[in-house]
Visitor: 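Here it is: the structure, laid out below.
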Number of protein chains: 2
Amino acid sequence: MLSKKTKYGLKALTYLARHEESAPIQIQEIATAENISRKFLESILLTLKKNGFLGSKKGKGGGYYMIRPASEIPMTAVMRILEGPIAMVPCVSLNYYETCDDCPDEATCSVHHLMIQVRDSALEVYRNHTLADIIRITVPE
Amino acid sequence: MLSKKTKYGLKALTYLARHEESAPIQIQEIATAENISRKFLESILLTLKKNGFLGSKKGKGGGYYMIRPASEIPMTAVMRILEGPIAMVPCVSLNYYETCDDCPDEATCSVHHLMIQVRDSALEVYRNHTLADIIRITVPE
DNA sequence: TATTTATCCTATAGGTTAACTAGGAAATGC
DNA sequence: GCATTTCCTAGTTAACCTATAGGATAAATA
């Protein structure tokens, strides 16, 4: 299940990307527009900033803004920061690999092999989309 | 992330399917073979039984056994019972659909559309596999 | 019929995480 | 200097996951 954090983060990113040219946008505005708790959104935007997806400005007229075009933000990167590993099991994770303590041998583990395929199928979706793509979907023509 | 319940359930199913012909197999045997807490596995096997994946026999010589060939058990069904919805968001779930309370309109929600694609890609993997397939993977030749 | 074996069932404890909140520090603009 | 807005740390609450306890039920055997 997708965490609220991820969901809110994605919504905030799309909101900001739609206003890419304009002045910084305040947390409160995004929170109101997208029905998100202000304080919670605050922490999410902060981690997005720390991970290089957003810029920010303090004080009056401050807020958050895109730091690079949405078309250059791959969904794989966003998902990994917000949601964590794309794989459903640590032992098939590309970026967060861990061995299973209960499993004697990955090579003969049926779960392992199945989950590799699930991971790859999800990866293909994310790799084929940038933030710009998922905005485009919502604004047909 | 895949729950232990699902992981253990899958391992137990593959174990049982590999001994399809033989007499009922006791919880303890599976627990030992697959490194699973006996009591925990007990509850998992019970739900698998209640959902028509396994049969059981009480008393001496009792245990669990496959009720139909592994080749007739689609992974979609197993995953839904053990792990729950395949979709990452309730609003794109085929079998466990729920509206999002924070989202005014699914049709214009970018998260919604992305998650439909992720769901479909996972579904394709699960639909193309039965329990028999994931056993086959582990026993090369 | 008594005993042993093994599943069935309910309840619950303990730990972890998710979702959200509080309050103030730091920076910016006027 | 004052209002504004992000930055940072910490804490709260509730749900869920993992695992366990203990007895009820049913079957086999002697």
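So you know, we letter chains A, B, ... as the sequences are listed, proteins then strands, and number each from 1. Side-chain atoms are counted along with the backbone in the values below, which use heavy atoms only and exclude waters and symmetry mates.
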Visitor: From NZ of B/K50 over to C1' of C/dT7, roughly how many Å is that when rounded to an integer?
Guide: 12 Å
Visitor: Main chain of B/Q117, side chain of B/D120: is a donor-acceptor contact present, judged purely on distance under 3.5 Å?
Guide: no
Visitor: Just by distance, no angles: are the side chains of A/Y65 and A/E20 close enough, under 3.5 Å, to form a donor-acceptor pair?
Guide: no
Visitor: Can you sort out which residues in residues 98-105 of chain A have a heavy atom within less than 4.0 Å of DNA chain D? Ascending by number, please.
Guide: none
Visitor: Just the rounded figure in Å: distance from C1' of C/dC8 to CG of B/L45.
Guide: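 Atom CG in B/L45 sits about 12 Å away from atom C1' in C/dC8.
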Visitor: Go through the side-chain N and O atoms of B/Q28 and B/T32 and say whether any donor and acceptor fall under 3.5 Å apart.
Guide: yes
Visitor: For nucleotides 18-30 of chain D, just jot down a letter per nucleotide in 5' to 3' order: B, S or -, based on protein non-hydrogen atoms under 4.0 Å.
Guide: SBBBB--BBBS--
Visitor: Rounded to whole Å, please give me the gap between NZ in A/K49 and P in C/dA27.
Guide: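 For the pair A/K49 NZ and C/dA27 P, the rounded distance is 11 Å.
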Visitor: Tell me the interatomic distance from B/Y65, atom OH, to C/dT7, atom P, rounded to whole angstroms.
Guide: 12 Å
Visitor: Among side-chain atoms of A/S3 and A/E83, is any donor-acceptor pair under 3.5 angstrom?
Guide: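 Looking only at side-chain atoms, A/E83 and A/S3 do form a donor-acceptor pair, the distance falling under 3.5 Å.
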Visitor: Please list, one pair per line, the donor and acceptor atoms closer than 3.5 Å that link side chains of residues 84-92 of chain A to other protein atoms, with sequence neighbours excluded.
Guide:
none

Visitor: Can you see which heavy atom on B/V111 is nearest to which on A/K7, and at what distance?
Guide: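 Minimum heavy-atom contact is CG2-O, 4.2 Å.
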Visitor: Is a side-chain donor or acceptor of B/E34 paired with a backbone partner of B/Y8 at a separation under 3.5 angstrom?
Guide: no
Visitor: Among residues 77-89 of chain A, which residues get a heavy atom nearer than 4.0 Å to DNA chain D?
Guide: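 Result for residues 77-89 of chain A: none.
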Visitor: Applying salt bridge (Lys or Arg N to Asp or Glu O under 4.0 Å), can you list everything that pairs with B/E42, at least two apart in sequence or on another chain?
Guide: B/R38, B/K39
Visitor: Output the rounded distance in Å from CD1 (B/I30) to P (C/dA6).
Guide: 13 Å
Visitor: Roughly, in whole Å, what's the span from CD in A/Q28 to P in D/dT4?
Guide: 13 Å
Visitor: Sequence neighbours left out, what passes side chain to side chain contact (heavy atoms under 4.5 Å, CB included) with A/N95? Give chain and number order.
Guide: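 For A/N95 the side chain to side chain contact (heavy atoms under 4.5 Å, CB included) partners, ignoring immediate neighbours, are A/R80.
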Visitor: Please state how far atom CD1 in A/I44 lies from atom P in C/dT21, giving the value in whole angstrom units.
Guide: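 Atom CD1 in A/I44 sits about 12 Å away from atom P in C/dT21.
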Visitor: With B/L54, which of B/I67, B/T47, B/L46, B/L13 fulfils side-chain contact (heavy atoms from CB on, under 4.5 Å)?
Guide: B/L13
Visitor: How many whole angstroms separate atom CD of B/E29 from atom P of C/dT5?
Guide: 16 Å
Visitor: A/A70 and A/A17: which non-hydrogen atoms are nearest, and at how many Å?
Guide: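 Shortest heavy-atom contact: CB-CB, 4.0 Å.
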Visitor: With heavy atoms under 4.0 Å as the rule, sort A/K7 into base, sugar-phosphate or nothing.
Guide: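 Answer is nothing: A/K7 stays at 4.0 Å or more from every strand.
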